[in-house]
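The structure appears right after this line, and notes come after that.
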Amino acid sequence: MAIILDGNRVRDEIKEALKPRIARLAAAKRRPGLAAVLVGNHSASEIYVRSKLKTSQELGMCSEKITPPESVTTEEMLALVSELNARSDIDGILVQLPLPRQVDAKRILLAVAPDKDVDGFHPYNVGCLVAGLPGPRACTPAGIMALLDRYNIPIEGKRAVVVGRSDIVGKPVSLLLLHRNATVTICHSRTPGLAAVCREADILVAAIGRPARLDAEYIKPGAAVIDVGMNTLGRREDVARIFRNSPEKLSAFDKRGNVLVGDLDPIDVAERAGAYTPVPGGVGPLTIAMLMANTVESAERRLASC
Ligand code: GUN
């Protein structure tokens with residue numbers, strides 16, 4: 001039986017460990033402050049930002065949401081970020097991605113003060129990651145490492161294959177695994193013989209955003225499989241096919257009109273992997289927990305430096 005890597009459990013442990021740190025900051029009149037910038041009405045982003053703010057409020061942080069319209073310009077976003085950079089009560093700034101096409105996302109991420117960059121997306125912090133220097137790490141990759149560690153999955157000397165080369169997940173998680181002495185291969189849509197490469201992985205990380213794209217052929221028996229995908233299935237026939245007519249999934253679809261699935265075939269991964277993250281309830285909760293951890297760390301560092 002494969003071990004299920006329970007992201008909700010690890011998230012709760014991380015949140016518990018943050019509580020006394022937040023209490024100490026509050027006692028010093030420096031409650032951590034998080035500003036989330038959510039542009040327009042991108043429904044997935046709205047859900048993510050709502051969860052991030054809800055968690056921060058549960059933990060007793062001060063958080064606020066700034067919601068520029070879909071038509072916002074790069075200059076207006078730069079002015080907004082500059083205001084947040086200047087505010088002493090804000091320790092963390094998160095600009096939810098994706099941004100509308102007319103906004104130059106790279107310029108916006110570059111404008112966030114590196115010491116308030118709780119997403120770890122600023123090129124300065126990316127450079128720190130590459131060089132192995134301290135600094136905020138991107139939240140989903142940091143969450144993946146926390147999950148592997150909490151379940152004592154060995155990393156050193158293991159073969160890790162990361163499918164997906166995004167700046168948010170694929171590239172940073174590859175570097176984190178490399179720094180822990182895994183032998184890392186990064187694959188993407190143009191990689192020939194993808195299944196054979198994936199089958200070599202002791203640790204397989206899938207972050208491609210394609211529903212149930214990787215099946216048994218891609219999984220080495222006994223591997224640790226981390227599924228970053230969060231794909232919405234909106235057609236009943238896809239739910240029936242992918243979940244092999246599971247009555248629970250079909251009834252969930254009938255109730256809600258959609259069902260989530262990761263990048264891995266959910267039945268194959270449960271049968272072949274040694275350990276795997278479920279979708280939902282695997283990597284997703286960790287992303288938010290690590291954002292909270294980065295915000296607390298930023299507040300502590302800023303308090304210590306004033
Ligand atoms: N969009 C998808 N994932 C993320 C994330 O971790 N942070 C931000 N800011 N935007 C995202």
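Atoms within a ligand are numbered from 1 in the order they appear, just like the ligands themselves. Keep in mind that the numbers below use all heavy atoms, side chains included, and drop hydrogens, waters and symmetry copies. Throughout, residue positions are numbered sequentially from 1 according to the sequence presented.
- A donor-acceptor contact shorter than 3.5 Å links the side chain of Asn294 to the backbone of Val118.
- Applying side chain to side chain contact (heavy atoms under 4.5 Å, CB included) to Leu233 and the options Leu260, Asn258, Ile242 leaves one that passes, Ile242.
- With hydrogens left out, the protein atom closest to atom 10 (N) of ligand 1 is Leu97 N, 3.0 Å, a heavy atom.
- Of the listed options Val95, Ile288, Ile168, Ile168 places a heavy atom closest to atom 3 (N) of ligand 1.
- For atom 9 (N) of ligand 1, the closest non-hydrogen atom on the protein side is Asp119 OD2, 2.6 Å.
- The nearest heavy-atom contact from the protein to atom 4 (C) of ligand 1 is Gln96 NE2, 4.1 Å.
- Under 4.0 Å from ligand 1, not a single heavy atom of Tyr48 appears.
- Between the side chain of Arg31 and the backbone N or O of Gly60 there is at least one donor-acceptor pair closer than 3.5 Å.
- Near Phe121, meaning under 4.0 Å from any of its heavy atoms, are these atoms of ligand 1: 5 (C), 7 (N), 8 (C), 9 (N).
- Using a 4.5 Å cut-off on side-chain heavy atoms (C-beta onward), Leu148 and Leu177 make contact.
- The environment of CZ in Arg213 is sparse: at most 12 heavy-atom neighbours from other residues, nucleotides or ligands sit within 6.0 Å.
- In this structure a side-chain-to-backbone donor-acceptor pair under 3.5 Å is present from Asp227 to Leu264.
- Residue Lys52 places a heavy atom under 4.0 Å from ligand 1.
- In summary, the atoms of ligand 1 found under 4.0 Å from a heavy atom of Leu94, numbered by their order in the structure, are 9 (N).
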